[in-house]
Amino acid sequence: MTGTAPVPFTADDYAARMERAARQAADAGLAGLLVAPGPDMVWLTGYTPPADTERLTLLVLAPGRPPELVVPALEAPDAGRATGAPALTLRDWTDGKDPYALTAALLDARGRFGVSDNAWALHLLALQRTLPDTSYVALTEALPMLRAVKDAAELERLAAAGAAADAAFEEIRQVRFSGRPESEVAADLAGLLRRFGHSQVDFTIVASGPNGANPHHEAGDRRIERGDMVVLDFGGLKDGYGSDTSRTVHVGEPTDEERRVHDLVREAQEAGFRAVRPGAACQDVDRAARAVIADAGYGEYFIHRTGHGIGVTTHEPPYMIEGEEQPLVPGMCFSVEPGVYLPGRFGVRIEDIVTVTEDGGRRLNDTERELVTVA
């Protein structure tokens, strides 16, 4: 099952994104944006350069100028076939030529530029040597909300990715856990994500028993035992957009304490979800979920933020964390994932992706949040 293919993004979609990015750069007092290969470039242009190239590829967006893509000549044909290419001017360069001089000619020699977070230091330092009076700021710092508000087509893809992750959970809860290594169950989960349409699996956390107290435990050789709590956290990309969900299951019947802690996390997750509404601050979601756990005496065991944004990557702004006063806006998508982690014993996490609507929030994951028992 892979579902219906989404409506493709058009050249106009990418042109609008680039125009909006340049406008936001100007509003932030920047001379422009320099976008290296990675999720920002894919989102802005539809072009995915070779992942391992050391040759300079750089999208230059500046207010009042058409978008320009500096690209190696041997890769220019592929760049020219990208969906967003009609809105781009390609500036190709050949081996043996100086790509930094070519790029410098497109920039304000005294400007301050936003640079995508994953730009190579090699390229940025060379550009800075060519234009010593320029300065740079990380794109996430300068324009943290650039990709945060999703349009209807993006929301459709995120919803489909969430539904695919839900389908994977419904299947994995039917398999045998007891006596198997965590790594085997993680491999089952990865296979299910791909079966339900994911082209990329980013993580399949299977954390059993005491390993569940480590939120980012990597599935290993520990054999899952009867009586274990097992935290499942998994996701990846489907049609270019992310999924990320967590459920905690129990092998056999849980103890009263295990059930009580799970119920507490479920109540905290519900409180975080109910705090989602336009105009609320990101930190309000964190505060709502955290208060439930703290009031029950487990505050010291909730050791991470309540959520993170999701889109063309599985982790991106905005972040649901104390001190983040960014107001929620319809179209934002992020996780709500409180947890309790008892060292040496067990952990519990429950996570849904939520999108902000005009009057509240909508979950993009809909599997059971009650404690599920598995064999």
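What you see below is based on every heavy atom in this structure, not just the backbone, and it leaves out hydrogens, waters and symmetry mates. Owing to the predicted nature of the structure, the values given are computational and were not obtained by experimental measurement.
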Exceeds 12 heavy-atom contacts within 6.0 angstrom, atom [atom1] of [X]:
| X | atom1 | result |
| --- | --- | --- |
| Arg176 | CZ | yes |
| Tyr301 | OH | no |
| Asp221 | CG | no |
| Asp27 | CG | yes |

Test item: [X] side-chain N/O and [Y] main-chain N/O as donor-acceptor pair under 3.5 Å:
| X | Y | answer |
| --- | --- | --- |
| Thr134 | Arg112 | no |
| Asp286 | Gln283 | no |
| Arg65 | Leu106 | yes |
| Glu258 | Thr255 | yes |
| Arg349 | Pro215 | yes |
| Asp78 | Glu75 | no |
| His123 | Glu54 | yes |
| Asp295 | Val292 | no |
| Ser243 | Gly236 | yes |
| Asn118 | Pro37 | yes |

How long is the gap from [atom1] on [X] to [atom2] on [Y], to the nearest 0.5 Å?
| X | Y | atom1 | atom2 | answer |
| --- | --- | --- | --- | --- |
| Thr103 | Leu58 | OG1 | CG | 6.0 Å |
| Glu218 | Thr204 | CD | OG1 | 9.5 Å |
| Arg362 | Cys333 | CZ | SG | 8.0 Å |
| Glu337 | Ile353 | CD | CD1 | 7.5 Å |

Does a side-chain heavy-atom distance below 4.5 Å link [X] with [Y]?
| X | Y | answer |
| --- | --- | --- |
| His262 | His250 | no |
| Val340 | Leu342 | yes |
| Pro144 | Gln326 | no |
| Thr83 | Pro8 | no |
| Val354 | Met320 | no |
| Met145 | Val329 | no |
| Glu225 | Ser208 | no |
| Leu158 | Thr355 | no |

At their closest point, which heavy atom of [X] faces which heavy atom of [Y], and how far apart are they?
| X | Y | answer |
| --- | --- | --- |
| Ser335 | Glu351 | CB-OE2, 3.3 Å |
| Leu143 | Gln24 | CD2-O, 3.6 Å |
| Pro67 | Leu59 | CB-CD1, 4.5 Å |
| Leu264 | Ala296 | CD1-CB, 3.5 Å |
| Ala79 | Leu69 | CB-CD2, 4.0 Å |
| Ala186 | Ala219 | CB-CB, 3.7 Å |

What I want to check is whether the side chains of Asp202 and His315 have a donor and an acceptor closer together than 3.5 Å.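 No, no side-chain donor-acceptor pair sits under 3.5 Å.
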Apply the test side chain to side chain contact (heavy atoms under 4.5 Å, CB included) to residues Leu44 and Tyr14: give CA-CA distance (whole Å), side-chain angles for both, the deciding distance (0.1 Å), then the verdict. CA-CA 6 Å; Leu44 286 163; Tyr14 291 114; 5.9 Å; no
Begin from the C-alpha positions of Arg173 and Glu368 and carry the test salt bridge (Lys or Arg N to Asp or Glu O under 4.0 Å) through to its verdict. CA-CA 11 Å; Arg173 62 182 288 186; Glu368 189 172 348; 3.5 Å; yes
Shared hydrophobic cluster, [X] / [Y] (ILVMFWY, side-chain heavy atoms < 4.5 Å):
| X | Y | answer |
| --- | --- | --- |
| Leu131 | Leu56 | yes |
| Val372 | Val230 | yes |
| Leu88 | Tyr47 | yes |
| Ile224 | Leu232 | yes |
| Leu102 | Leu34 | yes |

Decide, yes or no, whether a salt bridge links [X] with [Y] under the criterion of side-chain N to carboxylate O below 4.0 Å.
| X | Y | value |
| --- | --- | --- |
| Arg363 | Asp166 | no |
| Asp263 | Arg266 | yes |
| Asp352 | Arg247 | yes |
| Arg290 | Glu322 | no |

Pairs in or reaching into residues 142-156: which pass side chain to side chain donor-acceptor pair (under 3.5 Å), with residues at least two apart or in two chains?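 Listed by first then second residue: Asp40-Arg147, Trp43-Glu154, Arg147-Thr313, Arg147-Glu316, Lys150-Glu316, Glu154-Tyr241.
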Should the pair Arg129 and Tyr100 be classed as cation-pi, given the thresholds of under 6.0 Å to the six-membered ring centre and 45° from the axis?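 Relative to the ring axis of Tyr100, which defines the angle, Arg129 lies outside at least one limit.
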Under the ring-ring contact (aromatic ring centres under 6.0 Å, His included) rule, collect the residues that match up with Tyr298, sequence neighbours excluded.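 Tyr298 satisfies ring-ring contact (aromatic ring centres under 6.0 Å, His included) with no residue once adjacent residues are dropped.
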Of all pairs that satisfy ring pair (Phe, Tyr, Trp, His ring centres under 6.0 Å), the ones with a partner from residues 316-358, not counting sequence neighbours: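 Output for this query lists His304-Tyr341.
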Check against side chain to side chain contact (heavy atoms under 4.5 Å, CB included), Asp233 and Phe203: CA-CA 8 Å; Asp233 184 351; Phe203 48 88; 3.3 Å; yes
Between Glu253 and Thr373, is the side chain to side chain contact (heavy atoms under 4.5 Å, CB included) condition met? List the steps. CA-CA 7 Å; Glu253 285 302 310; Thr373 58; 4.1 Å; yes
For the pair Asp188 and Arg180, evaluate side chain to side chain contact (heavy atoms under 4.5 Å, CB included) and give the outcome as yes or no after the intermediate values. CA-CA 11 Å; Asp188 287 348; Arg180 301 177 66 204; 2.8 Å; yes
